[in-house]
Amino acid sequence: MQAAVCGDKIGWRNVTRLLLLATDDGFHFAGDGKLAAILTPNDGECHLTNNEYTKSTEFDYPSVAQLAQKLEENNIQPIFAVTKKMVPTYQALSKLIPKSAVGELSDDSSNVVQLIKEAYNNLRSQVILEHKNLPNDITITYDSDCGDNQKKSQREPKGRCDNVQIDQQISFNVTITATRCFDNPQTVEIRPLGFTESLKVTVSTRCKCECDEPGRKDDCGGNGNIVCGICSCKKGFLGKNCECRAEEKTTQDLESACHRDNGSAICSDAGECICGTCSCHGSDIQGKQIYGTYCECDNMNCELHNDKLCGGNGKCDCGTCKCNEEYEGSACQCKKSIKSCLNSRNNVCSGRGSCVCDICQCTNGYQPPFCETCPGCAVPCAKYALCIECEHFKNEKNTEKCKTVNCTGFTANIVESLGKDKMCKEKDSVNCFMSFTLKENDGFDSYSATVLKDRECPQPPNIVAIVGGTIAGVALIGLLLLILWKVVTEIYDRREYHRFEKEKQKAKWDTANPLFKSATTVVVNPHFSSE
């Protein structure tokens with residue numbers, strides 16, 4: 001910072017100024033002073049005394065933007081000579097400082113001279129044009145023309161050319177725009193970075209008309225006066241020449257009537273809107289006519305055939321060829337013929353398309369060559385089921401319906417069996433199924449049917465069989481449940497019996513019962529003797 005702002009004490013001359021910084025470490029920036037309790041922002045002023053910075057304990061480090069501004073103001077181009085590990089750091093810094101370069105310094109600094117030469121050549125080959133002291137009401141853009149081998153840039157905030165060689169001519173087109181009127185002239189300075197030359201431009205606005213040419217009676221059609229070259233219409237008149245009567249309409253209303261749609265230009269940029277009506281311009285192209293409500297049509301923009309408009313066999317009308325009587329096609333490229341469009345019944349395209357250049361152009365999904373088939377079309381089986389029923393399967397239940405049904409043009413034939421065509425199967429009024437196939441006749445919505453002679457009629461239910469079967473089923477289920485219960489009970493009883501037998505075999509009965517007492521008591525007289 002001090003090397004940039006202390007020009008007199010450093011001894012900078014009015015020439016190309018290069019500032020070399022050689023280091024193997026990073027750099028400090030604004031905010032690092034907090035570590036030493038220094039909170040006062042750097043003021044960007046010179047504080048050198050005897051080549052020593054005297055405010056290091058008072059002011060924080062400058063910010064990168066602040067340093068870039070001071071280097072730019074003093075036309076100083078910095079060169080950062082740094083070791084390999086610090087190259088990415090200073091390359092990022094160089095992007096924030098215009099007209100700066102970074103070089104890799106060897107460990108012993110032996111390449112410092114070569115590094116300075118290469119950096120200087122890079123800086124010299126780069127030309128950046130910018131401005132300063134730009135007022136708020138002025139904007140500046142730059143168009144850069146850097147030679148034949150480089151892409152031209154337009155409407156950029158700065159002018160810039162890279163890889164400029166000695167004696168190579170480059171040019172910048174500077175556009176200065178005043179966004180509003182201001183009373184006093186404003187000054188803008190434009191200069192190339194790294195050079196001492198600059199250009200000062202004084203900008204003033206002329207927002208008050210100073211027209212003093214006297215008007216004439218026939219100016220503005222007699223319905224207004226010219227004010228600064230523009231008609232100022234009297235009340236009740238509108239238009240550029242006051243040729244339109246207002247009738248409660250505004251100029252915007254009249255112009256909107258000349259727009260084909262919201263996204264189109266007035267009269268398609270091919271005419272002039274006069275009182276809400278487009279008046280089309282003439283054309284510089286011989287024979288070209290512009291016409292239409294919105295001047296949207298001409299007689300030239302149509303298809304070519306054999307490099308001829310509409311093949312030379314018709315006229316172009318608003319983008320469409322209007323062919324002569326004997327020709328047809330989008331470019332009137334072929335003679336009229338229907339030979340290849342006739343089906344087996346000699347109908348053109350089966351009545352479902354048009355024959356263009358002897359080829360059927362089918363509609364509604366029908367397929368060439370004769371528009372006879374439509375793979376995606378639904379077959380109207382239900383629509384003609386009542387007609388078939390009324391024609392061939394009349395009964396008491398459908399008598400009233402058959403009186404109101406309209407089957408005009410519909411025909412049906414009875415057959416013993418149907419082919420492999422897609423078959424329809426519909427239910428009639430007595431719940432029988434009718435089987436038939438439909439074939440579409442030429443044209444639209446016209447069918448003929450082939451009907452199977454026998455219908456599929458379901459038999460009425462047998463009530464006796466249903467009731468008897470139900471009762472038998474219930475009885476059978478009950479019997480099965482009873483048998484199942486009996487089997488389970490028998491199995492359980494047998495298991496209990498076998499368990500009892502095993503316990504009986506294990507029991508021991510040869511010991512006397514201690515609780516048993518005989519009912520007989522024997523008393524013996526000790527003094528009795530049998531003698």
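- With contacts defined as side-chain heavy-atom distances shorter than 4.5 Å, the pair F436/M423 does not qualify.
- K235 pairs by the side chain to side chain contact (heavy atoms under 4.5 Å, CB included) definition with nothing, not counting sequence neighbours.
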inquiry  = N122 vs Q126, test: side-chain contact (heavy atoms from CB on, under 4.5 Å). Steps then yes/no.
reply    = CA-CA 7 Å; N122 292 334; Q126 184 184 76; over 6 Å; no

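- Summarising the geometry of V356 relative to G329, their closest heavy-atom pair is CG1-CA, 4.0 Å, with the distance given to 0.1 Å.
- Scanning for ring pair (Phe, Tyr, Trp, His ring centres under 6.0 Å) contacts around Y142 gives H131, with sequence neighbours left out.
- Between F370 and C360, the shortest heavy-atom contact is CA-SG, 4.2 Å.
- Contact between V64 and L93 at its shortest, heavy atoms only, is CG1-CD1, 3.7 Å.
- The number of heavy-atom neighbours closer than 6.0 Å to CZ of R191, taken from other residues, nucleotides and ligands shown, is above 12.
- Less than 2.5 Å separates the SG atom of C355 from that of C341.
- In this structure the side chain of D358 reaches within 4.5 angstrom of the side chain of K339, judged on heavy atoms.
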inquiry  = As a quick check of understanding, evaluate side-chain hydrogen bond (donor to acceptor under 3.5 Å, both in side chains) for S198 and E189, giving each step before the final call.
reply    = CA-CA 7 Å; S198 64; E189 184 177 354; 3.2 Å; yes

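- Between the side chain of N299 and the backbone N or O of Q289 there is at least one donor-acceptor pair closer than 3.5 Å.
- Identified under the salt bridge (charged side-chain N to carboxylate O under 4.0 Å, His left out) test for residues 359-383, with sequence neighbours left out: R345-E372, K383-D445.
- R160 places none of its side-chain heavy atoms less than 4.5 Å from the side chain of C146.
- Scanning all heavy atoms of the two residues, the minimum distance from G443 to E440 falls at O-OE2, 3.7 Å.
- For the atom pair SG of C424 and CZ of F433, the computed distance is 13.5 Å after rounding to the nearest 0.5 Å.
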inquiry  = Using the rule given for side-chain hydrogen bond (donor to acceptor under 3.5 Å, both in side chains), can you reason through S125 versus N163, listing the C-alpha separation, both sets of side-chain angles and the distance that settles it, and then say yes or no?
reply    = CA-CA 5 Å; S125 65; N163 301 321; 4.7 Å; no

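- Within 6.0 Å of the NZ atom in K132, the count of heavy atoms belonging to other residues, nucleotides or ligands exceeds 12.
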message = The test is salt bridge (charged side-chain N to carboxylate O under 4.0 Å, His left out); show your working for R455 and D428 and say whether it passes.
response = CA-CA 10 Å; R455 293 177 295 174; D428 61 10; 2.5 Å; yes

What side-chain donor-acceptor pairs closer than 3.5 Å can you find for residues 170-178, not counting sequence neighbours?
none

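- Checked against the 2.5 Å cut-off, the SG-SG distance between C316 and C302 falls under it.
- Taken together, the cysteine pair C233 and C220 keeps its SG atoms at least 2.5 Å away from each other.
- Taken together, the cysteine pair C387 and C390 keeps its SG atoms at least 2.5 Å away from each other.
- You'll find the side chain of C231 stays beyond 4.5 Å of the side chain of N225, heavy atoms only.
- Listed by first and then second residue, the salt bridge (charged side-chain N to carboxylate O under 4.0 Å, His left out) pairs that reach into residues 302-311 come to none, sequence neighbours excluded.
- Atom-to-atom distance recorded for N441:CG and S448:OG is 4.5 Å, nearest 0.5 angstrom.
- Between G365 and P375, the closest heavy-atom pair is O-CD, 4.1 Å.
- At a threshold of 4.0 Å, the pair K315-D317 does not count as salt-bridged, since none of the basic side-chain nitrogens sits closer than that to a carboxylate oxygen.
- Rounding to the nearest 0.5 Å gives a distance of 5.0 Å between CE of M434 and CD of E389.
- You'll find the side chain of I359 stays beyond 4.5 Å of the side chain of P368, heavy atoms only.
- Evaluation of the ring pair (Phe, Tyr, Trp, His ring centres under 6.0 Å) rule for F80 yields Y90 as partners, not counting sequence neighbours.
- The salt bridge (charged side-chain N to carboxylate O under 4.0 Å, His left out) pairs that include a residue from residues 172-187 are D137-R180, where partners are two or more places apart or lie in different chains.
- To the nearest 0.5 angstrom, T202 atom OG1 is 12.0 Å from N184 atom CG.
- A 4.5 Å side-chain heavy-atom check between I226 and S232 finds every atom pair outside the cut-off.
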Enumerate, atom names and distances included, each donor-acceptor pair closer than 3.5 Å involving a side-chain atom of residues 265-284, sequence neighbours excluded.
{"residue": "S268", "atom": "OG", "partner": "Y294", "partner atom": "O", "Å": "2.8"}
{"residue": "S283", "atom": "OG", "partner": "I285", "partner atom": "N", "Å": "3.1"}

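- A distance of 9.0 Å separates CG in N313 from CG in N306, rounded to the nearest 0.5 Å.
- Sorted by first and then second residue, the salt bridge (charged side-chain N to carboxylate O under 4.0 Å, His left out) pairs involving residues 87-103 (not counting sequence neighbours) form an empty list.
- Side-chain atoms of S354 and Q361 include no donor-acceptor pair closer than 3.5 Å.
- A donor-acceptor pair under 3.5 Å is absent between the side-chain atoms of H305 and the main chain of C310, judged by distance alone.
- For the pair R352 and F444, the minimum side-chain heavy-atom distance is below 4.5 Å.
- Looking only at atom types and distance, the side chain of E156 has no donor-acceptor partner in the side chain of S144 under 3.5 Å away.
- To the nearest 0.5 angstrom, E456 atom CD is 9.5 Å from C432 atom SG.
- Listed by first and then second residue, the side-chain hydrogen bond (donor to acceptor under 3.5 Å, both in side chains) pairs that reach into residues 318-328 come to none, sequence neighbours excluded.
- No more than 12 heavy atoms of other residues, nucleotides or ligands shown are found within 6.0 angstrom of CD1 on I338.
- When the SG-SG distance for C297 and C318 is compared with the 2.5 Å cut-off, it comes out below that value.
- For residues 399-430, the pairs satisfying ring pair (Phe, Tyr, Trp, His ring centres under 6.0 Å) are Y384-F410, with sequence neighbours left out.
- Other residues, nucleotides and ligands place no more than 12 heavy atoms under 6.0 Å from the CD1 atom of I230.
- The side chain to side chain contact (heavy atoms under 4.5 Å, CB included) test applied to Y120 returns T16, L18, R124, not counting sequence neighbours.
- The residues K453 and E416 are annotated as salt-bridged, a charged nitrogen and a carboxylate oxygen being separated by less than 4.0 angstrom.
- A donor and an acceptor atom, one from each side chain of N343 and S350, are located under 3.5 Å apart.
- Among all heavy-atom pairs drawn from V201 and I190, the shortest one is CG2-CD1, 4.3 Å.
- With contacts defined as side-chain heavy-atom distances shorter than 4.5 Å, the pair L418/S435 qualifies.
- Distance alone, capped at 3.5 Å, is enough to place a donor-acceptor pair between the D298 side chain and the M300 backbone.
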